[in-house]
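Quick notes on the structure that follows.
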Protein chains: 2
Amino acid sequence: MKFTKATNYALHTMLKLFEASPVKPIGVQELAEMQGVSPTYLSKILTRLVKTGMIESVSGVNGGYRLSRKKEDMTFLDIIHAIEGTASLFECDFFHGDECSIQAVMKEAEEKMESHLKNTKLTDLALKQSQA
Amino acid sequence: MKFTKATNYALHTMLKLFEASPVKPIGVQELAEMQGVSPTYLSKILTRLVKTGMIESVSGVNGGYRLSRKKEDMTFLDIIHAIEGTASLFECDFFHGDECSIQAVMKEAEEKMESHLKNTKLTDLALKQSQA
DNA sequence: TCATTCAAAGATATCTTATGTCTATAATAT
DNA sequence: ATATTATAGACATAAGATATCTTTGAATGA
Ligand code: SF4
Ligand code: SF4
């Protein structure tokens, strides 16, 4: 029960892209070096972000990744869901009726976490850093 | 990023023990059958609950497990921590200074979830079921 | 005392997931 | 054309989850 390293990579990359130029893409080479991870692996992770429309990829010379221009309001939850999937943290093999109270408690707890992640956007983070 | 099955087993066992007699222990055989899991494996899980003092084990004939009498206020978080450990869900290989905003957001989110799990006790759950 | 019934603990096995690497392919700028 | 870059898929390795088996030790009750 831990967040994946892939999520960590995704978050750091997103923050970097957010702070960088919105037009000139950054190569995966640079992004990977920054985080001490192999470019091919990071690329694999970023592809998932591309598929969910959070970032854009540019092939060819001077290519790389940049934020998707359409979405200014990307939340932590968006990023995490793109990497970890959207399945519930507490899945039962069998579902034993509607009024299962154990499941109810667990899902409520999960929702508390998700709610906070949904309410925190990359923008908030950048703001926080400029204050410090 | 999912809760372990062991956590599921632990929660169900705790609820069962909570509803059962506080003196007469229930054998792991019965508890395991109830959940469709092997007795030896469940035993291994329950041992962790014993070590944290949440339940008591009784060896010998008519032995088994029963709730610890000392703790009437066991929370979901207690149980989960006993099984999954208490480490943060978002661990970085290296810690990059105090004012890391990414980590701050993640830990805050985690705390929201933990807070809810800490505020929900087995008692609450039993109450809920008697109402239904 | 002694056999029976249990949990505890350790060694081992299997399966799944995470974490990558390698190679081939497609797209793009110069 | 050629160099550069992302994409995709196959493959490899390591770690963790999920057990099983066997031995040990504790408690009971006959
Ligand atoms: S938590 Fe509820 S639905 Fe899930 S296995 Fe337990 S009883 Fe069934
Ligand atoms: S989240 Fe913060 S502490 Fe963790 S790796 Fe990133 S910068 Fe470092």
Side-chain angles (χ1 to χ4, degrees), chain A residues 1-13 17 23-33 35-68 80 82-85 87 89-93, chain B residues 1-13 17 23-33 35-68 80 82-85 87 89-93:
Chain A
M1 173 64 166
K2 267 200 196 307
F3 282 104
T4 293
K5 282 193 181 184
T7 290
N8 190 310
Y9 297 144
L11 287 173
H12 284 80
T13 303
L17 294 182
V23 289
K24 181 163 174 272
I26 304 182
V28 71
Q29 182 68 40
E30 179 181 345
L31 293 167
E33 227 165 69
Q35 306 181 48
V37 60
S38 91
T40 39
Y41 183 45
L42 184 60
S43 160
K44 205 170 261 246
I45 294 166
L46 297 191
T47 297
R48 290 196 249 175
L49 295 177
V50 172
K51 291 220 171 124
T52 58
M54 318 198 63
I55 63 179
E56 297 172 349
S57 70
V58 181
S59 281
V61 178
N62 296 324
Y65 297 91
R66 67 181 167 223
L67 277 199
S68 172
I80 292 172
I83 303 301
E84 308 260 355
L89 299 186
F90 187 79
E91 295 282 0
C92 311
D93 322 0
Chain B
M1 174 64 167
K2 267 201 195 307
F3 282 105
T4 293
K5 282 192 181 183
T7 289
N8 189 310
Y9 296 144
L11 287 173
H12 283 79
T13 302
L17 293 182
V23 290
K24 182 162 174 273
I26 304 182
V28 71
Q29 182 69 40
E30 180 181 344
L31 293 167
E33 225 164 72
Q35 305 181 51
V37 60
S38 90
T40 40
Y41 183 45
L42 183 60
S43 161
K44 207 168 259 251
I45 293 167
L46 297 190
T47 297
R48 291 196 250 175
L49 295 177
V50 171
K51 291 220 171 123
T52 58
M54 318 197 64
I55 63 179
E56 298 172 349
S57 69
V58 181
S59 281
V61 179
N62 295 325
Y65 297 91
R66 67 180 167 223
L67 278 199
S68 172
I80 293 172
I83 302 301
E84 307 260 355
L89 300 185
F90 187 78
E91 295 282 0
C92 311
D93 322 0

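In what follows, chains are A, B, ... by sequence order, proteins preceding strands, each numbered from 1.
Put simply, CZ on B:Arg48 is 13 Å from P on C:dA8, counting in whole angstrom units. Between B:Tyr65 atom OH and D:dA27 atom C1' the separation is 14 Å, expressed in whole Å. The interatomic distance linking B:Glu30 (CD) with C:dT5 (C1') rounds to 15 Å, in whole Å. In this entry the distance linking CG of B:Asn62 with P of D:dA30 reads 10 Å, nearest Å. At whole-Å resolution of the value, CD in B:Glu56 and C1' in C:dA8 are 16 Å apart. With rounding to whole Å, A:Leu42 atom CG is found 14 Å from C:dT21 atom C1'. The distance between atom CE of B:Met1 and atom P of C:dT19, rounded to the nearest whole Å, is 12 Å. Taking atom OH of A:Tyr41 as the reference point, atom C1' of D:dA6 lies 18 Å away to the nearest angstrom.
Among the atoms of the strands shown, only primed sugar atoms or phosphate atoms (P, OP1, OP2) are found under 4.0 Å from some heavy atom of B:Lys51.
Note on B:Tyr9: every side-chain N or O is 4.0 Å or more away from OP1 and OP2 of D:dT18. A close approach under 4.0 Å does occur between a side-chain nitrogen or oxygen of A:Ser57 and OP1 or OP2 of D:dT7. A sub-4.0 Å separation between OP1 or OP2 of D:dA6 and a side-chain N or O of A:Ser43 is absent.
Of the two residues near DNA chain C, A:Ser59 and A:Thr7, the one whose nearest nucleotide lies more 5' is A:Thr7. When each of A:Gly60 and A:Lys44 is assigned the nucleotide of DNA chain C bearing its nearest heavy atom, the one mapping closer to the 5' terminus is A:Lys44. Between A:Leu46 and B:Phe3, the residue anchored nearer the 5' end of DNA chain D, judged by the nucleotide with its closest heavy atom, is A:Leu46. Nucleotides of DNA chain D nearest to B:Glu84 and B:Ser38 differ in position, and the one nearer the 5' end is that of B:Glu84.
Side-chain proximity of B:Thr40 to the nucleotides C:dA29, D:dT20, D:dA6 is greatest for D:dT20. With D:dT28, C:dG20, D:dA8 as the choices, the nucleotide that has an atom nearest any side-chain atom of A:Lys5 turns out to be C:dG20. Taking every side-chain heavy atom of A:Thr4 into account, C:dT19 is the closest of D:dA19, C:dT19, C:dA7.
Between the CD1 atom in A:Ile45 and the NZ atom in A:Lys5 there is a gap of 10.5 Å [rounded to 0.5 Å]. Separating the CD1 atom in B:Ile80 from the CZ atom in A:Phe90 is a distance of 8.0 Å, to the nearest 0.5 Å.
The backbone N or O of A:Pro39 lies less than 3.5 Å from no partner atom in the side chain of A:Ser43, so there is not a single donor-acceptor pair. In terms of modelled atom types and a separation under 3.5 Å, the side chain of A:Thr4 and the main chain of A:Thr7 share no donor-acceptor contact.
Among the candidates A:Leu17, A:Ile55, A:Thr13, the single residue satisfying the side-chain contact (heavy atoms from CB on, under 4.5 Å) test with A:Leu49 is A:Ile55.
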